[in-house]
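Heads up: the structure comes next, in structure tokens.
Order of appearance sets the numbers: ligands from 1, and atoms from 1 within every ligand. The figures here come from the full heavy-atom set of this structure, side chains too, leaving out hydrogens, waters and symmetry mates.
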Amino acid sequence: MKPPFVITVDGPAASGKGTIASRLAADHGVQMLDSGLLYRAVGGLLAAEGKDLDDVEAATAVAEGLTVEQLSNPAFRTRAAGELASRVAVHVPVRNALFRLQKSFCLRPEGAVLDGRDMGTVICPEAPAKLFVTARPEVRAERRWKQLTGQGEPVTLEDILEDIRKRDERDGGRAASPMRQADDAVLLDTSEMTIDHAADAARRIVEAARARWERS
Ligand code: DC
């Protein structure tokens, strides 16, 4: 039996993958999983308990007890929460604790869109449509800086670039499910694209995958 039509969208921070993933989910009328939010919630809740981010046991207990209701906290969307997320995401037991919830999305009969770092490689390797969305670090830093200063957060471009480089290194260099392009994922470099242009390019890639999936 062929797998449901699941779309995975992986890539580094501020590449445009979140916007692309939500537009694809709207196009296809399916649910989207923002897997980064799970790690953000684990990091944020652990820090709120005053625990060390390297305390694997405590982090795993938070991941195991995580509920969907806890995810709506806006504090998990901040720049600081992204850093906490990347720190707890290196722990294998934390990743294991979050596996089942993520896997359930790729088993939905109507399909789904999964956004993250290891969706196409680890969580849903059988997905019929895979994208790896990236952009040069300088471009991503500028996008993120504009967004944050627009929201009134006083940050410098240099600090954001430093954050992005550190996060790329940690997410791509860790032993457990590192961020990497799946062999069968299509690379979309959005460095020279507007978000609308990037979303259109993603839509075309997914339409081609959908046609192949329908014929299979
Ligand atoms: O996509 P994001 O910025 O919300 O992700 C925050 C961090 O969570 C990211 O730097 C690494 C981690 N993460 C992960 O390890 N695996 C995922 N599938 C998604 C996010």
Side-chain angles (χ1 to χ4, degrees), residues 6-22 24-25 31-47 53-54 56 59-60 62-63 66 70-106 112-125 127 130-135 137 140-141 143-145 147-148 151 153 155 160-182 185 188 190 195:
V6 167
I7 305 165
T8 61
V9 185
D10 288 306
S15 57
K17 72 184 162 59
T19 306
I20 288 173
S22 50
L24 289 171
Q31 290 285 310
M32 171 188 150
L33 172 70
D34 172 5
S35 63
L37 189 54
L38 304 176
Y39 293 95
R40 285 169 177 266
V42 173
L45 293 167
L46 191 66
L53 295 168
D54 294 325
V56 182
T60 307
V62 172
L66 195 66
Q70 287 172 311
L71 299 176
S72 52
N73 186 340
F76 300 151
R77 302 268 180 198
T78 61
R79 173 183 169 212
E83 177 66 17
L84 299 177
S86 172
R87 295 272 309 275
V88 294
V90 302
H91 305 314
V92 174
V94 169
R95 305 197 72 85
N96 289 344
L98 298 175
F99 182 84
R100 202 154 27 144
L101 170 67
Q102 297 177 84
K103 187 76 197 178
S104 70
F105 270 78
C106 40
V113 178
L114 288 87
D115 163 345
R117 301 289 187 291
D118 61 342
M119 301 297 104
T121 49
V122 174
I123 302 295
C124 202
K130 296 185 189 178
L131 286 162
F132 191 84
V133 182
T134 190
R140 289 187 278 127
R143 288 178 187 160
R144 190 43 61 84
W145 175 74
Q147 180 198 1
L148 291 171
Q151 293 163 358
E153 216 181 299
V155 285
I160 299 294
L161 182 57
E162 174 69 19
D163 269 11
I164 284 201
R165 289 196 196 283
K166 247 184 15 207
R167 200 118 81 84
D168 284 357
E169 211 173 286
R170 193 185 298 118
D171 296 345
R174 68 183 176 222
S177 311
M179 170 176 71
R180 101 180 155 72
Q181 182 184 345
L188 181 60
T190 66
I195 190 62

Problem set entry | Closest candidate by heavy atom, reference atom 15 (O) of ligand 1, pool Met119, Arg117, Arg174 |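 Checking each option, the heavy atom nearest atom 15 (O) of ligand 1 is found in Arg174.
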For this session: With atom 4 (O) of ligand 1 as the reference point, say which of Arg40, Lys17, His91 has the nearest heavy atom.
Result: Arg40
Exercise. In terms of side-chain geometry, is the basic nitrogen of Arg144 or Asp163 positioned less than 4.0 Å from the acidic oxygen of its partner?
Worked result: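 Not counted as a salt bridge, because no side-chain N and carboxylate O are separated by less than 4.0 Å.
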Problem set entry | Presence of salt bridge, Arg180 and Asp118, under 4.0 angstrom | no
Exercise. Are side-chain N/O atoms of Ser86 and Arg167 paired as donor and acceptor at under 3.5 Å?
Worked result: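 Short answer, no.
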Exercise. Strictly under 4.0 Å, does any heavy atom of Met179 approach an atom of ligand 1?
Worked result: no
Exercise. Glu83 near ligand 1, heavy-atom distance under 4.0 Å?
Worked result: no
For this session: Show your reasoning for whether side-chain contact (heavy atoms from CB on, under 4.5 Å) applies to Leu66 and Leu101.
Result: CA-CA 10 Å; Leu66 195 66; Leu101 170 67; 5.7 Å; no
What is the closest protein heavy atom to [atom], and at what distance does it sit?
atom: atom 13 (N) of ligand 1; value: Tyr39 CD1, 3.7 Å
atom: atom 6 (C) of ligand 1; value: Arg167 NH1, 3.4 Å
atom: atom 19 (C) of ligand 1; value: Ser35 OG, 3.4 Å
atom: atom 20 (C) of ligand 1; value: Gly36 CA, 3.5 Å
atom: atom 7 (C) of ligand 1; value: Ala85 CB, 3.5 Å
atom: atom 16 (N) of ligand 1; value: Arg95 NH2, 3.0 Å

Problem set entry | Validation row: Arg87, Arg170 side chains within 4.5 angstrom (heavy atoms) | yes
Exercise. Has ligand 1 got any nitrogen or oxygen that is less than 3.5 angstrom from a nitrogen or oxygen of Gln102?
Worked result: no
For this session: Could you tell me which atoms of ligand 1, counted from 1 in the order shown, lie closer than 4.0 angstrom to a heavy atom of Ala89?
Result: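 Here the atoms of ligand 1 in question are 12 (C), 15 (O).
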Problem set entry | Test log, rule side-chain contact (heavy atoms from CB on, under 4.5 Å), inputs Cys106 and Ile123 | CA-CA 8 Å; Cys106 40; Ile123 302 295; 4.3 Å; yes
Exercise. Distance-only, no hydrogens or angles: does the His91 side chain make a donor-acceptor pair with backbone N or O of Leu53 under 3.5 Å?
Worked result: yes
Problem set entry | Pair Leu45-Phe76, side-chain contact (heavy atoms from CB on, under 4.5 Å): steps then yes or no | CA-CA 9 Å; Leu45 293 167; Phe76 300 151; 3.9 Å; yes
Problem set entry | Region of Arg170 engaging ligand 1 - heavy atom pairs below 4.0 Å | neither
For this session: Specify the closest pair of heavy atoms between Asp115 and Ala21, including all atoms of both residues, with the distance to one decimal.
Result: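 Between these two residues, the closest heavy atoms are CB-CB, 3.9 Å.
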